[in-house]
Amino acid sequence: MLDAVLLNNVEKVKAELTVLITAENISADQLQEKADTLHALLTLDSPNQNSLEYQAFLRENLQWLQDTIEQVSVLKNQLGVELMQLTKRRKADKIYGENT
């Protein structure tokens, strides 16, 4: 059986990462710290490393990570679109201001 403390700690860090990713102001340093913590937890030596339960645990966390990366990519793309629109508006405002 997997260590309950490890499972609890992994879930806690994943929840904290999810909150950080969806926060209004994302701190890259905090994200890096939490990602490093999650990596450390997932790569700890475990006496159950060869068990099917441990392999399922790793697969579940890999799926969570892939889903999270996809979510971050979507947010990044949305931010890129917003930045492009803002740049276009500023350029249009500048041109309009010069012509009036």
Side-chain angles (χ1 to χ4, degrees):
M1 173 138 192
L2 292 176
D3 182 13
V5 173
L6 172 64
L7 294 173
N8 187 45
N9 288 340
V10 166
E11 290 305 314
K12 180 182 173 190
V13 173
K14 285 168 40 178
E16 290 170 350
L17 274 166
T18 300
V19 168
L20 284 173
I21 290 167
T22 57
E24 187 70 27
N25 295 313
I26 299 174
S27 167
D29 291 337
Q30 285 181 315
L31 280 173
Q32 183 66 50
E33 178 186 331
K34 295 298 177 188
D36 290 345
T37 300
L38 183 60
H39 178 263
L41 288 169
L42 293 175
T43 57
L44 284 174
D45 283 336
S46 170
N48 300 319
Q49 281 182 318
N50 293 323
S51 73
L52 293 176
E53 183 182 22
Y54 187 76
Q55 292 172 14
F57 167 75
L58 290 178
R59 271 194 305 280
E60 174 187 316
N61 285 290
L62 177 59
Q63 183 61 50
W64 177 86
L65 183 59
Q66 290 171 334
D67 293 344
T68 302
I69 289 170
E70 185 177 322
Q71 180 184 12
V72 169
S73 293
V74 167
L75 293 171
K76 180 190 76 146
N77 290 339
Q78 289 173 346
L79 180 61
V81 169
E82 289 174 21
L83 287 173
M84 280 189 347
Q85 290 172 344
L86 182 61
T87 302
K88 287 179 182 179
R89 269 188 248 129
R90 284 185 179 167
K91 186 176 180 180
D93 288 346
K94 183 179 177 185
I95 292 170
Y96 180 74
E98 291 173 358
N99 293 331
T100 56

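In this text the structure is predicted, and so the values were computed from the model without any measurement. In what follows, every heavy atom counts, from backbone to side chain, and hydrogens, waters and symmetry copies are set aside.
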A.B. asks: Would you name the heavy atoms of V13 and K34 that are closest together and state the gap between them?
C.D. replies: CG1-O, 3.4 Å
A.B. asks: Should Q85 and V81 be marked as a side-chain contact (heavy atoms from CB on, under 4.5 Å) after you check the CA-CA gap, both sets of side-chain angles, and the distance that decides it?
C.D. replies: CA-CA 6 Å; Q85 290 172 344; V81 169; 3.8 Å; yes
A.B. asks: In this structure, would L83 and V72 fall into the same cluster of hydrophobic residues linked by side-chain contacts under 4.5 Å?
C.D. replies: no
A.B. asks: How many angstroms lie between atom OG1 of T68 and atom CD of Q63, to the nearest 0.5 angstrom?
C.D. replies: 9.5 Å
A.B. asks: Output the distance between atom CZ (F57) and atom CG (L62), rounded to the nearest 0.5 Å.
C.D. replies: 12.0 Å
A.B. asks: With heavy-atom distances below 4.5 Å as the criterion, would you say the side chains of L31 and I26 are in contact?
C.D. replies: yes
A.B. asks: Would you call V10 and W64 a side-chain contact if the rule is heavy atoms closer than 4.5 Å?
C.D. replies: no
A.B. asks: Distance from L65 atom CG to E60 atom CD, nearest 0.5 Å?
C.D. replies: 12.5 Å
A.B. asks: Test L6 against L44 for side-chain contact (heavy atoms from CB on, under 4.5 Å), laying out the working first.
C.D. replies: CA-CA 9 Å; L6 172 64; L44 284 174; 4.2 Å; yes
A.B. asks: Does atom CG of L52 have more than 12 heavy-atom neighbours, drawn from other residues, nucleotides or ligands, at distances under 6.0 Å?
C.D. replies: no
A.B. asks: Quick one: list whatever passes salt bridge (charged side-chain N to carboxylate O under 4.0 Å, His left out) with E33, sequence neighbours left out.
C.D. replies: none
A.B. asks: Step through the shown structure and confirm whether more than 12 heavy atoms of other residues, nucleotides or ligands are within 6.0 Å of CD on E70.
C.D. replies: no
A.B. asks: Within this structure, what is the OG1-CG distance for the pair T22 and L75, rounded to the nearest 0.5 Å?
C.D. replies: 8.5 Å
A.B. asks: Looking only at atom types and distance, does a side-chain atom of N8 sit under 3.5 Å from a main-chain N or O of A4, one as donor and one as acceptor?
C.D. replies: no
A.B. asks: Examine L17 and L7 and state if one hydrophobic cluster contains both, with Ile, Leu, Val, Met, Phe, Trp and Tyr joined whenever side-chain heavy atoms are less than 4.5 Å apart.
C.D. replies: yes
A.B. asks: Does any non-hydrogen side-chain atom of N61 lie less than 4.5 Å from one of K14?
C.D. replies: yes
A.B. asks: When you check the side-chain N and O atoms of Q71 and D67, is any donor under 3.5 Å from an acceptor?
C.D. replies: no
A.B. asks: Measuring from atom NE2 of H39 to atom CD of Q32, what distance do you get when rounded to the nearest 0.5 angstrom?
C.D. replies: 11.0 Å
A.B. asks: Could you grab the distance from atom OG1 of T37 to atom CG of N9, nearest 0.5 Å is fine?
C.D. replies: 10.0 Å
